[in-house]
Amino acid sequence: MKILVQKFGGTSVADLKKMELCARRVIEAIEKGYRPVVVSSAMAGETDALIELARQAHPRPPERELDALLATGEQKAVALFAMTLNRLGYPAVSLCGWQVPIVTDAVHTKARIKKVGKSKLLKLLEDGYVPVVAGFQGVTEDGEVTTLGRGGSDTTAVALAAALKADCEINTDVPGVFTADPRVVPTARKIPRISYEEMLELASLGAKVMQIRSVEFAAKYGVRIHVRSTFSPEEGTWIVPEEEVMEKLAVRGITMDTGETRFTVVKVPDRPGIAAEIFKALGDAHIVVDMIVQNVSHDGFTDMSFTVSKNDADRAEEIVRKIAQKIGAKEVVRDDRVAKISIVGIGMRSAYGVAGRMFDILARNGVNIKAISTSEIKISCLIDEKYAELAVRALHEEFIEELEELQTD
Ligand code: ADP
Ligand code: ASP
Ligand code: MG
């Protein structure tokens, strides 16, 4: 039995007309000899609307109840999807996370998948049904409903593909993974093949086309992912092991992330243990710190800057203000209007001069760099949010469009 997991995102199932187009994709796969397992997100805007409703009911809704509410978005979508397939003459059965079951840990709103039940799915397939599984949700060992974090239907799909040893098709509103967000850079181009590692960096640095955890999962279990458009038959992007990627480009893609806040602790006494005190307190509060910059010390004082996710910024501010007072720092400055711009590519490992070129392009465009961080295959610069799109376009022109010209001349 050649199983194919087909995931459809929120915009793909936005209304019943679009859902029918998705159902037709499923039928095409059946006609090609596959036995599809469908994963659907909630209809576009539904999850946001439910979150808003929850906030109206309670300013900080209990996470258990938030999960119970958010799971209804996908439950509604899969029931409608299964009805549509049945109407078109293909027997289908919808399943919530608990019915599969997709067993997770108990961390509400960002649960991790621990186990995937496959016997029920296999039985349905053998009996000639198309299982239509609710994305984004699971169940704990104790029977509590959980959700997997925003964009979590991608992870449901990859987990099912891993369990069923199937390929995984991610059907979305763009025709693949692009060299930059096609909505920001109109000249961005589709990447035919990309390694797990590069996709993981792109996803972590702001390319929301795939949820980060889904790519981690795929890399761990070797699931091959095909990201493609729901609404066009063209071949999309394959996310595969590095050995299968022929071209090792220094810059495969460019991302932008406006989801972080920068704090600067001004005039910190420059003595051992101060950084430890600040970052340990943030760590104890489960706040992930991303970029850190410490300026050169003057007269025994230094400035220290760091970024955290905007979601954690209020809590981080409370903690840092308390510590700043205790250690005698002058003040804490908060800046929400920053953007992190990154370039990513496995070829960067063996290329030289890439960072210099990146900084030069930003300088030529009058963009000041507030912080820098690097890894083996990426360079990130923190800049003023208002220059974010300009910077992404300029970097794209220099690193990607230039390269294409060289290759095709
Ligand atoms: P879905 O609802 O199908 O899960 P998402 O909205 O989560 O879709 O992800 C698709 C969106 O990701 C696209 O509409 C696009 O704007 C955005 N995106 C950001 N960066 C990229 C990129 N490098 N390549 C493709 N899409 C990207
Ligand atoms: N519906 C959820 C969200 O909007 C999960 C998903 O779409 O993947 O985040
Ligand atoms: Mg998504």
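Counting convention: from 1, in listed order, for ligands and their atoms alike. Worth saying up front: this structure is predicted, and the values here are computed from it rather than measured. We count residues from 1, following the sequence as given.
- At a heavy-atom cutoff of 4.0 Å, ligand 1 is contacted by no atom of Gln211, backbone or side chain.
- Among all protein heavy atoms, the one lying closest to atom 25 (C) of ligand 1 is Gly176 O, 3.4 Å.
- Ring planes of Phe8 and Phe81: tilted class, angle from 30 to 60°.
- Residue Asp154 places no N or O, backbone or side chain, under 3.5 Å from any N or O of ligand 2.
- The closest side-chain donor-acceptor pair between Ser342 and Glu201, if any, does not fall under 3.5 angstrom.
- No donor-acceptor pair under 3.5 Å is formed between the side chain of Glu260 and the backbone N or O of Leu382.
- The backbone and the side chain of Lys208 each have at least one atom closer than 4.0 Å to an atom of ligand 1 (non-hydrogen atoms only).
- The shell of residues lying under 4.0 angstrom from ligand 2, judged by heavy atoms, includes Gly151.
- When each atom of ligand 1 is checked for a heavy atom of Val177 under 4.0 Å away, the hits are 24 (N).
- Between Ser153 and ligand 1 there is no heavy-atom distance shorter than 4.0 Å.
- Using modelled atom types, one finds a donor on one side chain and an acceptor on the other under 3.5 Å when comparing Ser195 with Glu198.
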Practice task
Could you check His396 against Val184 for side chain to side chain contact (heavy atoms under 4.5 Å, CB included), going step by step and ending with a plain yes or no?
Solution key: CA-CA 11 Å; His396 193 270; Val184 175; over 6 Å; no

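- Across all their heavy atoms, Ser153 and Val39 have their closest contact at O-CG1, 3.9 Å.
- Taking a cut-off of under 4.0 Å to the non-hydrogen atoms of Ser41, the atoms of ligand 2 that pass are 6 (C), 7 (O), 8 (O).
- The protein heavy-atom contact nearest to atom 13 (C) of ligand 1 is Asp173 OD1, 3.5 Å.
- Assignment of Glu46 to the shell around ligand 2 is not supported, since no heavy atom sits closer than 4.0 Å.
- Not a single heavy atom of Met210 lies less than 4.0 angstrom from ligand 1.
- Interface atoms of ligand 1 facing Val174, defined by a heavy-atom separation under 4.0 Å, are 13 (C), 14 (O), 25 (C), 26 (N).
- Distance from atom 23 (N) of ligand 1 to its nearest protein heavy atom, with residue and atom name: Phe178 O, 3.0 Å.
- Between the side chains of Thr261 and Asp336, at least one donor N or O lies within less than 3.5 Å of an accepting N or O.
- Looking at Ser12 against ligand 1, nothing comes within 4.0 Å, counting heavy atoms.
- Thr302 and Ser297 share no side-chain donor-acceptor pair at under 3.5 Å.
- For atom 15 (C) of ligand 1, the closest non-hydrogen atom of the protein is Asp181 OD1, 3.5 Å.
- Heavy atoms of Val209 found under 4.0 angstrom from ligand 1 belong to the backbone as well as the side chain.
- Of all the listed residues (Lys7, Arg252, Arg150), Lys7 holds the heavy atom that lies closest to atom 4 (O) of ligand 1.
- Closest heavy-atom approach to atom 4 (O) of ligand 2 among the candidates Lys208, Arg150, Lys7: Arg150.
- Listed by atom number, the atoms of ligand 2 under 4.0 Å from Glu74 heavy atoms are 1 (N), 2 (C), 5 (C).
- Between the side chains of Thr147 and Asp67, at least one donor N or O lies within less than 3.5 Å of an accepting N or O.
- Interface of Ala180 with ligand 1, defined as ligand atoms under 4.0 Å from a residue heavy atom, comprises 22 (C), 23 (N).
- In this structure, Gly151 has no heavy atom closer than 4.0 Å to ligand 1.
- When hydrogens are left out, the protein atom nearest atom 14 (O) of ligand 1 is Arg183 NH2, 2.7 Å; that is the closest non-hydrogen contact.
- Comment: Glu20 engages Arg24 in a salt bridge, judged by a side-chain N to carboxylate O separation of less than 4.0 angstrom.
- Between Leu205 atom CG and Ser373 atom OG the span is 8.0 Å, to the nearest 0.5 Å.
- Within the 4.0 Å heavy-atom shell around ligand 2 one does not find Gly9.
- Counting only N and O atoms by type, the side chains of Glu234 and Ser232 include a donor and acceptor under 3.5 Å apart.
- Ion pair Arg262/Asp384 not flagged as a salt bridge, since none of the NZ, NE, NH1 or NH2 atoms sits closer than 4.0 Å to an Asp/Glu carboxylate oxygen.
- Under the 4.0 Å criterion applied to side-chain N and carboxylate O atoms, Lys7 and Asp154 are assigned as salt-bridge partners.
- Closest protein heavy atom to atom 8 (O) of ligand 1: Thr172 OG1, 3.2 Å.
- Ion pair Arg364/Glu397 not flagged as a salt bridge, since none of the NZ, NE, NH1 or NH2 atoms sits closer than 4.0 Å to an Asp/Glu carboxylate oxygen.
- Protein heavy atom in closest approach to atom 2 (O) of ligand 1: Gly10 N, 3.2 Å.
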